[in-house]
Amino acid sequence: MMSLKTFFVLAILMASAITLIPATPSQEEEEEEKEASATSLRGTSRFLAQRSQKSVRVVKTCDKYPSVCLAKGSAGPHCCQKKCVNLTADRLNCGRCGKKCSYSKICCQGKCVSPMSNEMHCGSCGNKCKKGSSCVYGMCSYA
């Protein structure tokens, strides 16, 4: 019990010491800030200053360079509106460029399907329900 009281007294002393320390910067800190601002780029960020020194990077889009979509790490092998996409799984380009699936549907093998009720794609693409069972709420043989 005595150690608990000692702990609280120390905590209160530390808190009061912190509040009494002046929050204004010292004269040395103010002088350092003035020197640093004198060497600044006057409104230009360091990023912009570096960018002007380096050469501008050219972005290769798939409309001009179709092989970009075949590279490792690409979103897909097809090009739609200057972007690489996978026409078999992309909800915004399902089966062909620009074909969007509605809100509750997903793109499976290039077709918009409802995973909540489709027995061939129950809950996710390729999840086939067993013979005689149905797909309800995205689960085979619900209830």
Side-chain angles (χ1 to χ4, degrees), residues 1-95 97-130 133-143:
M1 188 69 168
M2 187 66 165
S3 62
L4 187 60
K5 287 181 181 179
T6 312
F7 175 74
F8 283 123
V9 170
L10 285 174
I12 292 171
L13 285 173
M14 288 174 56
S16 62
I18 290 173
T19 57
L20 295 176
I21 296 174
T24 58
S26 66
Q27 289 180 347
E28 293 174 2
E29 291 174 352
E30 289 177 0
E31 290 175 8
E32 289 176 5
E33 287 179 20
K34 287 180 184 176
E35 289 175 9
S37 65
T39 60
S40 74
L41 297 172
R42 295 187 182 181
T44 312
S45 71
R46 194 174 351 154
F47 172 74
L48 293 174
Q50 290 175 352
R51 185 158 178 92
S52 64
Q53 295 170 358
K54 294 181 181 179
S55 63
V56 178
R57 182 177 169 209
V58 177
V59 178
K60 293 184 178 182
T61 56
C62 63
D63 61 331
K64 294 180 182 177
Y65 304 96
S67 61
V68 169
C69 293
L70 300 174
K72 184 179 180 183
S74 172
H78 307 285
C79 182
C80 291
Q81 299 170 352
K82 297 183 181 182
K83 294 180 182 176
C84 298
V85 296
N86 185 352
L87 294 179
T88 60
D90 188 11
R91 288 189 65 226
L92 301 175
N93 301 289
C94 188
C97 292
K99 182 182 175 190
K100 296 179 183 178
C101 295
S102 62
Y103 175 73
S104 63
K105 296 185 178 184
I106 59 174
C107 185
C108 292
Q109 299 169 349
K111 295 178 183 174
C112 294
V113 297
S114 174
M116 301 300 275
S117 61
N118 191 311
E119 292 175 6
M120 300 297 284
H121 307 284
C122 188
S124 64
C125 291
N127 187 22
K128 200 175 189 181
C129 290
K130 293 179 183 176
S133 65
S134 61
C135 181
V136 180
Y137 299 119
M139 296 179 276
C140 295
S141 300
Y142 180 74

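The basis for the numbers below is simple: all heavy atoms, side chains too, and nothing from hydrogens, waters or symmetry mates. Here the structure is a predicted model, which means the values were calculated and not measured.
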request  = Could you please spell out the steps behind the side chain to side chain contact (heavy atoms under 4.5 Å, CB included) verdict for E119 and S134?
outcome  = CA-CA 6 Å; E119 292 175 6; S134 61; 3.7 Å; yes

List, one per line, each side-chain donor-acceptor pair under 3.5 Å for residues 72-83, sequence neighbours excluded.
unit_1 : atom_1 : unit_2 : atom_2 : d
S74    : OG     : C69    : O      : 3.0
S74    : OG     : G76    : N      : 3.4
S74    : OG     : G76    : O      : 3.1

ask   = What distance do L13 atom CG and F8 atom CZ have between them, rounded to the nearest 0.5 Å?
value = 13.5 Å

Rounded distance (nearest 0.5 Å) linking atom SG of C84 with atom CG of L70 = 8.0 Å

ask   = How many angstroms lie between SG in C122 and CE in M116, if you round to the nearest 0.5 Å?
value = 9.0 Å

inquiry  = Going by side-chain contact (heavy atoms from CB on, under 4.5 Å), C108 matches just one of N127, V113, T88. Which one?
reply    = V113

message = Nearest 0.5 angstrom please: C135 SG to N118 CG, how far?
response = 7.0 Å

note = Residues passing the ring-ring contact (aromatic ring centres under 6.0 Å, His included) test with Y65, sequence neighbours excluded, are none

task = For the pair T6 and L4, evaluate side chain to side chain contact (heavy atoms under 4.5 Å, CB included) and give the outcome as yes or no after the intermediate values.
result = CA-CA 5 Å; T6 312; L4 187 60; over 6 Å; no

request  = Please list, chain by chain and in numerical order, all residues satisfying side-chain contact (heavy atoms from CB on, under 4.5 Å) with S117, sequence neighbours excluded.
outcome  = S114

key: side chain to side chain donor-acceptor pair (under 3.5 Å) involving T61 - partner list, sequence neighbours excluded   = D63

task = For side chain to side chain contact (heavy atoms under 4.5 Å, CB included), just list the numbers for I106 and C112, CA-CA rounded to whole Å, side-chain angles, deciding distance to a tenth of an Å, and then say yes or no.
result = CA-CA 6 Å; I106 59 174; C112 294; over 6 Å; no

inquiry  = Keeping R91 on the side-chain end and K105 on the backbone end, is there a donor-acceptor pair under 3.5 Å?
reply    = yes

ask   = So with a 6.0 Å cut-off around NZ of K99, is the heavy-atom count from everything else above 12?
value = yes

task = Please name the pair of heavy atoms, one in C129 and one in S133, separated by the smallest distance, quoted to 0.1 Å.
result = CB-OG, 3.5 Å

message = Please enumerate all residues that pass side chain to side chain donor-acceptor pair (under 3.5 Å) together with D90, with sequence neighbours excluded.
response = N93

